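Here's the structure we're looking at; comments come further down.
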Number of protein chains: 2
Amino acid sequence: MSRAGDRAYVAIRNMILSGELPAGTQLGEEALAEKCGVSRTPVRDALRRLEADMLVVRTDTQRSFVAEWSLDDVRDAFDLRAMLESFAARRAAERMTPDSLARLRHANARIAQAIALPRPDIALFLEGNREFHAAILEVAGSRRLVAQLGALVEQPVVWRTAHHYGPDALHRSWSEHEELIAAFARGDGAWAQAIMASHILRAYHAYADAHRGMASQPSFGKARGEPAFALKAMA
Amino acid sequence: MSRAGDRAYVAIRNMILSGELPAGTQLGEEALAEKCGVSRTPVRDALRRLEADMLVVRTDTQRSFVAEWSLDDVRDAFDLRAMLESFAARRAAERMTPDSLARLRHANARIAQAIALPRPDIALFLEGNREFHAAILEVAGSRRLVAQLGALVEQPVVWRTAHHYGPDALHRSWSEHEELIAAFARGDGAWAQAIMASHILRAYHAYADAHRGMASQPSFGKARGEPAFALKAMA
DNA sequence: GGGGAGAATATTGTATACAAATGCCTCAGG
DNA sequence: CCTGAGGCATTTGTATACAATATTCTCCCC
């Protein structure tokens, strides 16, 4: 953790994901530097990383803005994630070890615990969910896959979305994880792949349903479809 | 083109891809700055971008090295590319316009011209090939897909590999492009997807065959399999 | 009133200096 | 000979100043 650079990255990221910096906001380096209490140099690094995460876009003239997310963009992201992560699931099924399988069971047990409470503990659910998907990715054993999915899978904000999920949706997610574990236990790559694709795409529709009809934020750029909130995917 | 930063990026990238900086070489910022005739600041930017391209890796302590490419890594990259680009082909087939189709035909005509010569013009082949694949990606119309494939598809160096391809391999590539055009003309996404996957995976085996038994470069790190040359994919 | 040239302003790009951290080498102790 | 602590050399991180570039505003001309 290189102090200032990472602090700036986390700080700006949080400002974007929390909505403090709405989509379309221009990100001046100097202003951000002051907000983060560092100089422009680490802010520049942070902006570059956020750009790679596609949370920030740069104009042809190097001005940075908080990225817009049209509904089409969100759909794109989920499609891509469905493809990549189901591919990862197939690979993982073919390489699964008892240890990793135990880790998956443990993660999903935590999810069960989170949603068993009278009032589901969303934070715990998200933590278990993250661990579950990360473990699969690790077993898949492709550095590239990790790199490409990294930006898509991380779920720092989902907060705003996750709280819209009902107990039934949460339970279905847990249930699909159980099915994945079954596929992994049998080493059935094709099965795991199919479940994962379904898992992700169901999550997309849960998202779309939750946000259907919600107020659009004032738009800025050339978004193609209906503007959506800036946030990351969850499953 | 922000002058110094991009110059550094291109310069370092070329040094890596040409083999002037072999895999495992440590990349000191100061040394690179001097080589590129700029200061460390733009070099840092360039290193970050190259890291995103996975041409450079950083240790936990922030030292940069030219990335190692085991044969497994290369296989991974091709697998991923096959998946992403065949997905792009399906989308493209569903959205193809007459203009774009014409552009594809034109690009492949240039390829035909390049390989028709008594001595194939590899540079022209690569240029046409790049244009062909870029056009498909553009029609696919997914910003994320572009971003994710960008690092994989670019073929600046393939030089070292491409020259190992025989006239037959080059002709087969052209022929597969023709088949893709046919699928696009009919708007058959599934067909286009299948051809593209086959196209990419064939390219992988052409690569693997060309490099089978070639001398390994002295290895540096934790590469998992047999070390391979540092280069990008082609199809 | 519209449009454009040009200055004024704001923003990003680059270089440099210095601070912090890492790695390496030496040498003492066992 | 091995081990590890300490200091020296190297490398990266950060801040700041200045240069280059983009944007905005103003004012003049049509």
Side-chain angles (χ1 to χ4, degrees), chain A residues 1-16 20-68 218-222, chain B residues 1-16 20-68 218-222:
Chain A
M1 266 287 196
S2 68
R3 226 163 42 215
D6 292 310
R7 268 194 302 140
Y9 174 76
V10 172
I12 299 170
R13 180 190 180 91
N14 284 342
M15 285 191 272
I16 293 175
E20 183 182 339
L21 293 173
T25 307
Q26 176 161 9
L27 299 171
E29 295 176 358
E30 191 125 23
L32 291 173
E34 192 163 358
K35 266 199 186 224
C36 301
V38 299
S39 92
R40 271 181 52 213
T41 310
V43 169
R44 280 179 124 259
D45 270 23
L47 284 178
R48 232 177 233 305
R49 283 197 260 171
L50 290 164
E51 191 187 356
D53 293 346
M54 299 195 73
L55 284 174
V56 165
V57 295
R58 284 175 103 111
T59 66
D60 53 347
T61 167
Q62 301 300 98
R63 258 77 175 167
S64 300
F65 297 85
V66 177
E68 300 274 342
S219 192
F220 144 77
K222 45 195 183 238
Chain B
M1 263 289 198
S2 67
R3 221 160 48 212
D6 293 309
R7 268 195 301 142
Y9 174 76
V10 171
I12 299 170
R13 181 190 179 93
N14 284 341
M15 285 191 270
I16 293 174
E20 182 182 337
L21 293 173
T25 306
Q26 177 162 7
L27 299 171
E29 295 176 356
E30 190 127 23
L32 290 174
E34 191 164 358
K35 266 198 185 219
C36 301
V38 299
S39 93
R40 271 180 54 212
T41 310
V43 168
R44 277 178 129 261
D45 269 22
L47 283 179
R48 228 174 240 304
R49 284 197 261 171
L50 291 164
E51 193 186 355
D53 293 347
M54 299 195 74
L55 284 175
V56 165
V57 294
R58 281 174 105 112
T59 67
D60 53 347
T61 167
Q62 302 299 101
R63 258 74 177 172
S64 300
F65 297 85
V66 178
E68 300 276 340
S219 192
F220 143 77
K222 45 199 184 244

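These figures come from a predicted structure and were not determined experimentally. Both backbone and side-chain heavy atoms feed into the values below; hydrogens, waters and symmetry mates do not. Note on naming: letters A, B, ... go to the chains in the order of the sequence lines (proteins, then strands), and numbering restarts at 1 for each one.
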From [atom1] of [X] over to [atom2] of [N], roughly how many Å is that when rounded to an integer?
X	N	atom1	atom2	value
B:Asp6	C:dT14	CG	P	8 Å
A:Arg48	C:dT14	CZ	C1'	13 Å
B:Leu47	D:dT12	CG	P	8 Å
B:Leu32	D:dT12	CG	P	9 Å
A:Glu29	C:dT12	CD	P	5 Å
B:Phe65	D:dT11	CZ	P	11 Å
A:Asp60	D:dT21	CG	C1'	12 Å
B:Asp45	D:dT12	CG	P	15 Å

What's the closest nucleotide to the side chain of [X] if the choices are [options]?
X	options	value
B:Ala4	C:dT14, D:dT11, C:dT12	C:dT14
A:Arg63	D:dT14, D:dT11, D:dA22	D:dA22
A:Glu30	C:dT14, D:dT11, C:dT12	C:dT12
A:Pro42	C:dT12, D:dA15, D:dT12	D:dA15

Before giving the answer on side chain to side chain contact (heavy atoms under 4.5 Å, CB included), spell out for A:Glu29 and A:Ser39 the whole-Å C-alpha distance, their side-chain angles and the decisive distance to 0.1 Å. CA-CA 9 Å; A:Glu29 295 176 358; A:Ser39 92; over 6 Å; no
Using a strict cut-off of less than 4.0 Å between a Lys/Arg side-chain nitrogen and an Asp/Glu carboxylate oxygen, indicate whether A:Glu30 and A:Arg40 qualify as a salt bridge. no
Just so I know, are the side chains of [X] and [Y] near enough to count as touching, which here means a heavy-atom distance under 4.5 Å?
X	Y	result
A:Arg63	A:Arg58	no
A:Val43	A:Tyr9	no
B:Val56	B:Val66	no

Among residues at least two apart in sequence or on other chains, which ones pass side-chain hydrogen bond (donor to acceptor under 3.5 Å, both in side chains) with B:Glu20? B:Lys35
At under 4.0 Å between heavy atoms, what does A:Leu27 touch on the DNA or RNA strands: base, sugar-phosphate, or nothing? sugar-phosphate
Please confirm whether the shortest side-chain N or O distance from A:Ser64 to OP1 or OP2 of C:dT12 is below 4.0 Å. no
Under 3.5 Å, N/O pairs linking protein and nucleotides 16-20 of chain C:
none

Please evaluate residues A:Arg49 and A:Asp6 with respect to the criterion salt bridge (Lys or Arg N to Asp or Glu O under 4.0 Å), reporting the C-alpha separation (whole Å), side-chain torsions for both, the decisive distance (0.1 Å), and the verdict. CA-CA 10 Å; A:Arg49 283 197 260 171; A:Asp6 292 310; 2.9 Å; yes
Assert: residue with more 5' nearest nucleotide on DNA chain D, out of A:Val38 and A:Thr61, is A:Val38
